[in-house]
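Residue numbers start at 1 and run along the sequence shown. The structure presented is a predicted model; accordingly, all values stated were derived computationally and were not measured. Counting convention: from 1, in listed order, for ligands and their atoms alike.
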Amino acid sequence: LSEMKKISKLRGMQDLDPTETRKIDFIEKSFDEIVNSYGYQEVRFPILENTELFKRSVGNESDIVNKEMFTFDSRSGKTMTLRPEGTAGCMRMAIDTGLIDAGQQRLTYKGPMFRYERPQKGRSRQFQQLSIEAYGFSDSSIDLEILEISDYLFEQLSVKKKMVLEINSIGSQNDQREYSNKLKDYFTKYKKELDEDSLKRLSKNPMRILDSKNEDLKNIIKKAPNILDSISKESQENFSFIKKCLNELKIDYVENPYLVRGLDYYNDIVFEWKSNSIGSQDTVCGGGRYDSLSKIIGGREANAIGFSIGLERLSLLLEDSQIPNTKSVIVVSLEDSFFLEGMRLSSLLRETLVDYSIQYSGKDKNLKSLLKKAIKKNIDFMVIIGRKEIEDKSFTLKKLASNQELKLDNFESLIKNLK
Ligand code: ATP
Ligand code: MG
């Protein structure tokens with residue numbers, strides 16, 4: 001066979017080795033435990049959806065729909081899109097399956113999302129989100145619950161000290177229309193300084209300008225009209241209630257009146273958790289209320305709120321040392337005639353030490369090289385059975401980190417010493 005050219009991964013995609021995967025897995029398990037304890041139930045829905053779903057919900061003027069979607073035609077010519085986010089798909093599923101008609105729902109999902117973006121630290125084309133969504137709750141206690149869950153998760157993962165919670169209220173869709181007009185007047189005065197994207201948004205969706213990543217516009221944005229002057233009394237009161245409770249609960253936050261989030265479907269509370277220790281892609285979690293989404297995609301009227309965490313960005317905040325170690329054992333039998341004894345002992349150890357990893361070296365009897373490999377792989381223990389051990393039903397145990405060797409008379413004392 002002639003030499004074949006190596007096939008590499010696509011641009012913006014990520015491979016995770018066992019160490020990286022273990023970290024991700026630890027975060028996912030912590031997330032599951034916490035959201036389950038609040039009564040959120042896991043759901044799954046497709047990665048591929050009708051393109052129209054995202055156009056209608058996320059919004060035509062959003063970055064996502066404008067330039068970030070992986071869209072293609074199916075064989076029959078139907079246009080489909082790899083999901084860039086989960087909120088629309090989750091709601092679509094809840095409508096399709098009737099969940100939305102079955103009363104209040106607390107739902108959670110996680111998985112890959114796809115956006116055609118310029119790859120850099122904290123930004124890739126396939127990334128993962130951890131999300132929760134709550135449907136059918138109208139009063140602000142659910143807003144607080146959602147905020148509390150995020151706070152509690154980051155606290156539990158010991159990353160909260162590296163993060164800041166920013167909150168804002170963007171009022172009802174009506175309030176936003178009024179505010180958009182004010183913004184249009186304001187930004188029109190700076191037309192010359194706006195970039196191409198912002199100019200496009202100026203006529204179609206001026207609030208999106210506030211979400212611009214262009215550093216040159218930061219100063220103009222900072223002096224733009226404040227949304228809090230445009231929101232209704234009811235929205236003001238809800239926002240005040242939430243802030244008051246956050247104060248009482250000692251959940252620290254910063255108010256950012258220019259936080260609008262990158263998607264069209266939000267109303268009232270919006271929030272982001274940011275960190276300045278992971279580079280310029282600093283938003284780890286984003287969320288808010290989106291009471292109009294259900295109707296936008298053809299469902300009944302239904303209150304809704306949720307958040308999404310960028311798993312890879314959160315993972316950047318965790319130290320490797322925070323990930324609990326799985327204790328590991330390698331079983332070695334020194335003669336072919338004890339092959340099955342070694343196998344049985346390995347099974348017994350797996351049954352007894354359920355959260356350990358137990359490997360069996362099988363027919364490999366080269367103790368010296370086995371030892372070398374085991375130390376290199378940071379395996380904690382080696383259990384050796386040779387002729388002597390088989391005859392008097394004993395075990396030789398090597399503690400690899402301390403280079404200690406113990407002769408143990410029976411299985412009970414072996415287990416004791418493996419702890
Ligand atoms: P950003 O401002 O970084 O573009 P966004 O507003 O587009 O984020 P959301 O749609 O709110 O992001 O998604 C929620 C979270 O998902 C983000 O806060 C971030 O942690 C993560 N995320 C979004 N896009 C990417 C990406 N391309 N790569 C990695 N993580 C991402
Ligand atoms: Mg983005």
Side-chain angles (χ1 to χ4, degrees), residues 10-16 20 24 27-28 31 53-54 57-59 61-70 81-91 108-133 146 150 153-154 157 159 162-168 170 197 201 205 207-215 217-218 221 256 258-266 269-290 293 305-318:
L10 295 168
R11 183 166 145 80
M13 300 289 158
Q14 276 183 311
D15 298 319
L16 300 182
E20 291 160 333
I24 293 284
I27 299 175
E28 287 185 345
F31 172 82
L53 174 67
F54 304 112
S57 59
V58 178
E61 292 319 308
S62 63
D63 274 349
I64 292 181
V65 170
N66 244 333
K67 50 193 179 199
E68 296 174 359
M69 295 208 297
F70 277 92
T81 296
L82 287 172
R83 64 179 186 198
E85 56 109 49
T87 297
C90 190
M91 180 62 89
T108 175
Y109 55 85
K110 51 174 129 18
M113 307 294 160
F114 302 82
R115 295 185 195 177
Y116 199 85
E117 300 198 76
R118 191 170 68 77
Q120 52 195 290
K121 186 181 173 192
R123 195 182 288 296
S124 50
R125 291 182 173 175
Q126 177 176 339
F127 61 98
Q128 302 190 66
Q129 285 186 341
L130 305 173
S131 309
I132 59 174
E133 317 274 1
I146 296 261
S150 59
L153 174 67
F154 299 140
L157 292 173
V159 296
K162 297 183 223 169
M163 300 174 89
V164 180
L165 169 62
E166 288 189 1
I167 62 172
N168 191 22
I170 57 173
D197 268 351
R201 289 163 166 175
N205 191 344
M207 270 177 72
R208 281 279 76 76
I209 301 177
L210 301 180
D211 198 42
S212 167
K213 300 231 157 65
N214 186 344
E215 288 295 323
L217 297 181
K218 286 267 145 72
I221 290 174
N256 175 359
Y258 300 111
L259 179 71
V260 292
R261 313 266 308 113
L263 309 90
D264 273 359
Y265 48 59
Y266 287 104
I269 187 90
V270 290
F271 63 94
E272 288 188 347
W273 284 90
K274 294 185 178 162
S275 172
N276 55 19
S277 23
I278 53 171
S280 57
Q281 308 315 315
D282 59 355
T283 309
V284 175
C285 169
R289 202 174 247 286
Y290 44 92
L293 181 63
I305 182 168
F307 70 63
S308 284
I309 296 169
L311 182 49
E312 290 84 356
R313 288 190 199 172
L314 176 54
S315 164
L316 290 173
L317 285 170
L318 258 77

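Side-chain atoms of Phe31 and Ile132, non-hydrogen and from C-beta on, do get closer than 4.5 Å to each other. Side chains of Asp63 and Lys67 form a contact here, defined as non-hydrogen atoms less than 4.5 Å apart. Within the 4.5 Å cutoff, no side-chain heavy atoms of Glu272 are placed close to those of Met163. Side-chain contact between Leu165 and Phe154: absent, with no pair of heavy atoms (C-beta onward) separated by less than 4.5 Å. Contact annotation: the side chain of Leu311 never approaches that of Lys110 to less than 4.5 Å [non-hydrogen atoms, C-beta and beyond].
The shortest heavy-atom distance from Lys213 to ligand 1 is under 4.0 Å. At a 4.0 Å cut-off, at least one heavy atom of Arg313 sits close enough to ligand 1 to count as contact.
Protein heavy atom closest to atom 26 (C) of ligand 1, with residue, atom name and distance, is Phe127 CD2, 3.4 Å. Nearest protein heavy-atom contact of atom 27 (N) of ligand 1 is Glu117 OE2, 2.6 Å. Given atom 28 (N) of ligand 1, the protein heavy atom at minimum distance is Ser124 N, 3.0 Å.
On a distance-only criterion, Gln281 and ligand 1 share no N/O pair closer than 3.5 Å. For a threshold of 3.5 Å applied to N or O pairs, the pair formed by Glu272 and ligand 1 contains no separation below that value.
Geometrically, Arg125 does not engage Phe114 in a cation-pi contact defined by less than 6.0 Å to the ring centre and at most 45° from the axis.
In Phe70, the CZ atom is crowded: over 12 heavy atoms of neighbouring residues, nucleotides or ligands sit closer than 6.0 Å.
Between the choices Gly12, Gly86, Gly310, Gly122, the shortest heavy-atom distance to atom 29 (C) of ligand 1 belongs to Gly122. Comparing Arg261, Glu85, Met113 against atom 6 (O) of ligand 1, the shortest heavy-atom distance belongs to Arg261. The residue from Leu311, Asp282, Thr283 that puts a heavy atom closest to atom 17 (C) of ligand 1 is Thr283.
In this model, a donor atom of one side chain and an acceptor atom of the other lie less than 3.5 Å apart for Gln281 and Gln120.
Remark: Ile27 CD1 to Ser315 OG distance equals 4.5 Å, nearest 0.5 Å.
Taking every non-hydrogen atom of Val284 and a distance limit under 4.0 Å, the qualifying atoms of ligand 1 come out as 18 (O), 20 (O).
Contact annotation for Gln129 and ligand 1: only side-chain heavy atoms (C-beta onward) come within less than 4.0 Å of the ligand. At a heavy-atom distance under 4.0 Å, only side-chain atoms of Arg115, from C-beta outward, approach ligand 1.
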